[in-house]
Amino acid sequence: MNLGLTGGIASGKSTVAQMLVNRGAALIDADVIAREIMEPGHPVLHSVVERFGKDVLKEDGTLDRKKLGSIVFSDPAQRKALEAITHPAIRSEMREVMNRLENENPKRLVIADIPLLYESGLENLYDEILVVYVPREVQRDRLMKRDGLNWSEAEARLNAQMDIELKKQKADFVIDNSIGINETERQIDEFWRKKELS
């Protein structure tokens with residue numbers, strides 16, 4: 001069985017993913033794949049530089065994420081241009097890994113951690129969707145603290161994603177990660193039992 005795991009930025013998806021892995025699930029992380037395709041020498045990074053210019057590179061040839069972020073989060077057309085380059089490559093790699101993991105062990109839960117799952121129209125690729133939820137103000141506070149952003153920078157990143165309340169409504173399962181780690185663990189245990197995965 002495969003499960004799409006999503007939520008909002010700074011909602012704690014990685015924490016929930018790790019809890020599921022600790023219980024025996026296999027994890028495919030879209031963010032890890034997204035970083036890998038932006039490594040020097042990868043054709044996707046080459047395409048990004050062609051589209052956005054050499055200014056998005058640091059002196060050592062690696063991607064300047066902050067510089068690229070400031071371009072794409074302030075202009076929806078630029079963000080769509082970046083997604084048109086990166087998303088097909090990420091999807092292709094994720095499908096390949098998911099197929100391999102499912103073939104290796106058909107009974108194991110395979111989780112695909114995809115921050116923009118709904119925004120990218122990928123929900124039909126997964127048997128079920130689990131959304132990690134925290135209220136928007138919690139997202140914003142965590143994001144500002146985690147990434148050193150000011151209020152308007154954090155808001156721009158939140159506005160670039162589907163509203164967390166809408167994701168919550170669309171989900172097959174919701175884990176509320178705003179109450180505390182023990183409560184999150186309890187909800188994961190309950191989810192695991194429901195799926196008869198223990």
- Message: Please determine whether the number of non-hydrogen atoms from other residues, nucleotides or ligands lying under 6.0 Å from atom NE2 of His46 exceeds 12.
- Response: no

- Message: Quick check for you: to the nearest 0.5 Å, what is the distance between Glu83 atom CD and Ile90 atom CD1?
- Response: 9.0 Å

- Leu68 side, atom CG; Phe73 side, atom CZ - distance, nearest 0.5 Å: 8.5 Å

- Does the distance from a Lys or Arg side-chain N to an Asp or Glu carboxylate O, for Asp189 and Arg23, drop under 4.0 Å? yes

- Do Ile114 and Leu166 belong to the same hydrophobic cluster, where Ile, Leu, Val, Met, Phe, Trp and Tyr are linked whenever their side-chain heavy atoms lie under 4.5 Å apart, directly or via other members? yes

- Query: How about Ile28 and Ile111: do any of their side-chain heavy atoms sit closer than 4.5 Å?
  - Reply: no

- Evaluate the side chain to side chain contact (heavy atoms under 4.5 Å, CB included) criterion for residues Arg146 and Ile9: first the C-alpha distance (whole Å), next the side-chain angles of each, then the deciding distance (0.1 Å), finally the verdict. CA-CA 11 Å; Arg146 185 188 78 187; Ile9 191 168; 3.8 Å; yes

- Query: Ile175 and side chain to side chain contact (heavy atoms under 4.5 Å, CB included): which partner among Val134, Val131, Val16?
  - Reply: Val16

- Message: Closer than 4.0 angstrom, basic N to acidic O: yes or no for Arg79 and Glu119?
- Response: no

- Item | Side-chain ion pair, Glu190 and Arg186, N-O less than 4.0 Å | yes

- Leu125 to Arg95 - nearest heavy-atom pair and separation: CD1-NH1, 4.3 Å

- Task: Over all heavy atoms of both residues, which pair between Lys13 and Gly7 is shortest? Give the atoms and the distance, please.
- Result: CD-N, 3.5 Å

- Task: Give the C-alpha distance, both sets of side-chain angles, the deciding distance and a yes or no for salt bridge (charged side-chain N to carboxylate O under 4.0 Å, His left out) between Glu165 and Lys170.
- Result: CA-CA 9 Å; Glu165 299 297 334; Lys170 291 165 75 80; over 6 Å; no

- Rounded to the nearest 0.5 Å, the CG atom of Leu57 sits from the CG atom of Leu63 at a distance of 6.5 Å

- Note on the structure: side chain to side chain contact (heavy atoms under 4.5 Å, CB included) with Ile33: of Met38, Arg91, Glu93, only one passes, and it is Glu93

- Message: I need the Glu185 CD to Thr15 OG1 distance, nearest 0.5 Å.
- Response: 9.5 Å

- Item | Sub-4.5 Å side-chain heavy-atom contact between Trp192 and Leu109 | yes

- Task: Write down the atom of Pro115, the atom of Asp31, and the distance for their closest heavy-atom approach.
- Result: CG-OD1, 3.5 Å

- Distance-minimising heavy-atom pair for Val72 and Leu82: CG1-CD2, 3.9 Å

- Item | Glu183 and Asp176, any side-chain heavy atoms less than 4.5 Å apart | no

- Sidechain N-carboxylate O distance under 4.0 Å for Arg142, Glu137: no

- Item | Minimum side-chain heavy-atom gap Asn103-Leu101 below 4.5 Å | no

- To the nearest 0.5 Å, how far apart are OG in Ser70 and CG in Asp64? 8.0 Å

- Query: After noting the C-alpha distance and the side-chain angles of Ile129 and Tyr126, does the key distance pass the side chain to side chain contact (heavy atoms under 4.5 Å, CB included) rule?
  - Reply: CA-CA 7 Å; Ile129 309 296; Tyr126 302 97; 4.0 Å; yes

- Any side-chain donor paired with an acceptor under 3.5 Å for Asn2 and Glu102? yes

- Task: Indicate the atoms forming the closest heavy-atom contact of Gly24 with Arg108, along with that distance.
- Result: O-NE, 3.0 Å

- Item | Minimum heavy-atom distance Gln187-Val174, with the two atoms named | OE1-O, 4.0 Å

- May I ask whether Phe173 and Leu5 are part of the same hydrophobic cluster, defined by side-chain heavy atoms of I, L, V, M, F, W, Y residues being less than 4.5 angstrom apart, directly or through others? yes

- Item | Gap between atom CZ of Arg136 and atom CG of Asp163 - 0.5 Å precision | 6.5 Å

- Message: Looking at Tyr118, I'd like to know if the NZ or CZ of Lys167 sits under 6.0 Å from its six-membered ring centre while staying within 45 degrees of the ring's axis.
- Response: no

- Item | Any Leu158 side-chain heavy atom under 4.5 Å of Arg140 side chain | yes

- Message: I'd like to know if Glu153 pairs up with Arg157 as an ion pair, taking the criterion as any Lys NZ or Arg NE/NH1/NH2 lying under 4.0 Å from an Asp or Glu carboxylate oxygen.
- Response: no

